[in-house]
Protein chains: 2
Amino acid sequence: MTDTAGKVTIKGLAERLGMSKASVSYALNGQPGVSDATRARVLALAAELGWYASSSARALSQSRSDAVGIVLARSPEEVGSESFYMNVLAGIEAVLSDHDMNLMLRMVAPGPEPRRDLGVYRRWAGERRVDGVIVFDHTVDDPRPSMLAALGMPHVLVGAAVDAEPSAFGANTTVDQGRDAGTVMEALHRLGHRHVAYVSGPQRLTHEAARAAGVHAHAARLGMTAAVSHSNYTADDGAKATIAVVAGVVPGSALFPTALVYGNDLMAMGGLRALKQLGLAVPGQVSVLSWDDSILCQLGSPSVAALARNTMDLGRRSAQLLLEAVAGHHCANAAMPAGVLQVRETLAGVLP
Amino acid sequence: MTDTAGKVTIKGLAERLGMSKASVSYALNGQPGVSDATRARVLALAAELGWYASSSARALSQSRSDAVGIVLARSPEEVGSESFYMNVLAGIEAVLSDHDMNLMLRMVAPGPEPRRDLGVYRRWAGERRVDGVIVFDHTVDDPRPSMLAALGMPHVLVGAAVDAEPSAFGANTTVDQGRDAGTVMEALHRLGHRHVAYVSGPQRLTHEAARAAGVHAHAARLGMTAAVSHSNYTADDGAKATIAVVAGVVPGSALFPTALVYGNDLMAMGGLRALKQLGLAVPGQVSVLSWDDSILCQLGSPSVAALARNTMDLGRRSAQLLLEAVAGHHCANAAMPAGVLQVRETLAGVLP
DNA sequence: CTGAAAGCGCTTACAG
DNA sequence: CTGAAAGCGCTTACAG
């Protein structure tokens with residue numbers, strides 16, 4: 001509170017110190033061109049007066065906003081109840097704040113038709129409000145990478161497929177869903193399961209397409225049968241899909257799936273509920289496994305077996321890649337480690 | 001892609017149109033000073049070329065950043081698993097984007113000692129990076145309101161106590177925890193409960209202090225006894241607190257709490273788990289109620305009774321108040337509606 | 001090592 | 001209704 005008459009600026013510092021604005025700027029930014037003694041005087045006064053560079057002035061002269069943007073195009077309910085997003089965001093934020101970058105977050109209604117998220121990217125690019133963006137939920141024929149490239153906007157896809165190409169505008173974090181499908185299917189095979197149903201999220205998501213392909217491939221290899229149905233990532237949809245999968249199939253018959261795998265934790269919880277209503281014992285008659293781990297799975301009763309991934313780390317790596325892209329460096333994609341199966345109460349062997 | 005040679009600016013528009021930058025600016029901003037015909041020409045060209053005002057240039061000249069900041073000082077785990085935050089954020093975001101404002105989000109480690117969040121506010125104010133902030137988790141003797149006032153930063157407290165004073169820098173959304181405590185205690189009383197334990201979050205949070213006071217007051221009024229213990233908002237802490245509360249107390253004895261109320265959904269889930277391990281039947285021997293509703297409560301097995309509030313709306317109202325404060329208007333606090341009891345499987349009457 | 005000057009892209013009194 | 005000019009607070013070649 002040294003100065004009530006407006007904010008302290010570089011000009012103010014220069015006047016008090018009796019030198020030019022340029023020298024003050026050089027001193028403040030660690031640039032050469034000032035003596036150590038001068039630099040020390042400048043820094044001391046700046047600290048004393050609580051000077052900070054105006055973000056807009058700096059952004060205007062440097063053409064950098066020091067901000068990174070994220071547009072989430074899912075419903076608040078989903079984003080709020082699936083801890084995946086917040087965990088990834090936390091990882092991203094940790095890296096960004098370490099580098100004095102800021103995170104700009106926008107949520108738009110998920111309506112697929114007039115994709116409002118595209119307008120946000122266009123606007124952010126036009127306003128030069130962010131230096132780059134991190135893209136969630138990569139879809140088949142996703143318009144965003146090419147659009148962002150056309151806008152000259154650095155970007156990183158979070159958890160893309162292994163064959164997603166890194167571009168001049170950024171590399172991606174990738175998850176090998178086929179490998180993870182192998183982990184899941186092999187575990188089920190080992191427990192004696194031969195008929196598996198995968199209740200997937202929307203198939204336009206590339207990671208779900210990759211999972212479905214992986215499930216089928218590994219089933220074939222292991223001599224199992226697998227049915228994949230596509231649904232949405234909510235508990236209600238998980239319940240509906242479950243009923244559709246087991247309805248009319250006699251438990252114990254050759255066609256009955258003894259294991260149900262779900263694309264996320266919410267669907268698994270909804271599925272559990274549906275199975276209970278149908279009078280099917282978990283894991284006595286059917287095992288349940290979620291492809292995403294979360295506190296929901298851990299605290300559920302019964303607790304839900306899940307494939308756990310380090311989502312904070314996924315965020316961290318994605319942010320690091322974006323910072324590289326913003327700095328103009330070319331990088332390779334960053335492959336994320338394999339998911340690890342968390343065996344819990346819903347997973348058991350098949351009785352002979 | 002009309003113009004590859006750099007972004008289109010107001011100067012560029014003016015040159016193509018053969019007029020001054022000022023006129024173009026007036027036309028673009030809906031200011032008087034240009035004819036309708038001129039304005040139409042300008043807007044048409046701007047739309048054609050995809051012009052957007054540079055956010056930094058506009059911020060520099062208007063001394064407004066068109067951004068609002070939020071610092072979350074809880075662990076990513078908590079923020080991720082408690083849907084409360086994301087829901088409030090979604091409500092905030094909906095209002096902000098309606099007003100062409102942006103949301104800047106930062107998460108800092110919750111370590112209480114060298115409160116890193118304060119540094120973020122100071123920096124944001126110094127850099128003029130945000131026009132105002134929305135403050136979560138108001139605490140007793142919270143240093144933030146006075147600090148933000150000293151910084152001249154408009155701010156709004158989310159879900160403050162009813163006696164939180166609105167200031168020249170913003171009003172607050174308030175929640176009458178005493179009234180909600182009445183809802184909870186009366187419902188329990190009606191079911192025959194006479195001994196209640198409230199497992200609260202940290203008592204430095206003003207809303208928890210208010211709840212504890214409300215629980216005690218209503219217990220006294222209704223002829224009940226209430227014990228309040230303070231813990232943290234995690235499932236593990238909920239479990240530990242539960243064990244501490246019921247350990248050594250004989251079920252059915254006069255001292256045994258027949259109803260356990262928890263400060264949030266995570267603690268309630270942890271408490272449920274502990275009760276199961278202790279061999280106590282829910283709701284047969286003890287009822288469980290969470291002061292926050294969430295998908296965890298809905299999907300739990302048994303499903304957990306909860307006091308539901310409209311958290312999206314809490315976010316919306318908070319954002320509206322902040323926009324008023326940023327605009328320099330004085331407002332009254334906005335009182336949020338009463339919580340509504342969601343009766344679920346964990347809540348039952350006491351057997352005589 | 002230091003200073004005067006131009007520029008980043010807007011907005012906004014102020015003359016015409 | 002329109003234009004020339006100053007200013008927002010920085011950074012950065014460019015001379016000295």
Side-chain angles (χ1 to χ4, degrees), chain A residues 3 5-43 45-46 49-67 100 123-129 131, chain B residues 3 5-43 45-46 49-67 100 123-129 131:
Chain A
D3 191 350
K7 301 277 182 177
V8 41
T9 68
I10 268 199
K11 188 177 163 205
L13 293 179
E15 282 168 0
R16 287 175 202 246
L17 292 162
M19 42 184 167
S20 73
K21 284 164 33 184
S23 298
V24 174
S25 175
Y26 290 141
L28 257 10
N29 292 307
Q31 303 278 42
V34 281
S35 66
D36 288 352
T38 305
R39 190 185 305 279
R41 280 180 60 217
V42 173
L43 290 175
L45 185 64
L49 299 184
W51 174 87
Y52 287 94
S54 151
S55 57
S56 51
R58 180 170 274 176
L60 183 57
S61 62
Q62 311 226 83
S63 310
R64 299 192 303 101
S65 67
D66 290 329
D100 288 331
R123 179 162 185 173
W124 278 351
E127 295 181 335
R128 275 135 289 182
R129 193 174 283 278
D131 297 330
Chain B
D3 191 351
K7 301 276 183 177
V8 38
T9 67
I10 268 199
K11 188 177 164 206
L13 292 178
E15 283 169 0
R16 287 177 204 245
L17 291 163
M19 41 183 169
S20 73
K21 286 166 29 183
S23 299
V24 175
S25 175
Y26 290 141
L28 257 8
N29 292 309
Q31 302 278 43
V34 281
S35 66
D36 288 352
T38 305
R39 190 186 305 279
R41 282 179 59 216
V42 173
L43 289 175
L45 184 65
L49 299 183
W51 175 87
Y52 287 93
S54 152
S55 56
S56 51
R58 180 169 274 175
L60 184 57
S61 62
Q62 311 225 82
S63 309
R64 301 193 301 103
S65 66
D66 290 328
D100 289 329
R123 180 162 184 172
W124 278 351
E127 295 180 337
R128 274 134 290 180
R129 193 175 283 278
D131 297 330

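Quick note on labels: first sequence line is chain A, next is B, and so on, each numbered from 1.
- Residue A/Thr38 has no polar side-chain atom (N or O) positioned under 4.0 Å from OP1 or OP2 of C/dC1.
- B/Arg123 is linked by a side-chain hydrogen bond (donor to acceptor under 3.5 Å, both in side chains) to A/Asp100, B/Glu127, counting only residues two or more places apart in sequence or in another chain.
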Once pairs are restricted to Watson-Crick or G-U wobble with both distances under 3.5 Å, how does DNA chain C read as a dot-bracket string, [ ] for crossings and | for other-strand pairs? |||.||||||||.|||
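- With B/Ser23 as the partner, the side-chain contact (heavy atoms from CB on, under 4.5 Å) test is satisfied by one option alone out of B/Val42, B/Leu13, B/Ile10, B/Val34: B/Val34.
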I'd like to know whether B/Val8 forms a side-chain contact (heavy atoms from CB on, under 4.5 Å) with B/Arg16, so could you lay out the CA-CA distance, the side-chain angles of the two residues, the decisive distance to 0.1 Å, and finally the verdict. CA-CA 11 Å; B/Val8 38; B/Arg16 287 177 204 245; 5.7 Å; no
Return a single string for nucleotides 7-16 of chain C, one symbol per nucleotide in 5' to 3' order, where B is base contact, S is sugar-phosphate-only contact and - is none, cutoff 4.0 angstrom on heavy atoms. BBBBBBB---
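- The side-chain hydrogen bond (donor to acceptor under 3.5 Å, both in side chains) test applied to B/Ser63 returns no partner, not counting sequence neighbours.
- Looking only at distances, a side-chain donor or acceptor of B/Arg39 sits under 3.5 Å from a matching main-chain atom of B/Gln31.
- Under the side-chain hydrogen bond (donor to acceptor under 3.5 Å, both in side chains) criterion, B/Thr9 pairs with no residue at all, not counting sequence neighbours.
- Every residue two or more places apart in sequence or in another chain was checked for a side-chain hydrogen bond (donor to acceptor under 3.5 Å, both in side chains) with B/Ser55, and none qualifies.
- Inter-residue side-chain proximity for B/Ser54 and A/Arg128 is flagged as met; some heavy-atom pair is nearer than 4.5 Å.
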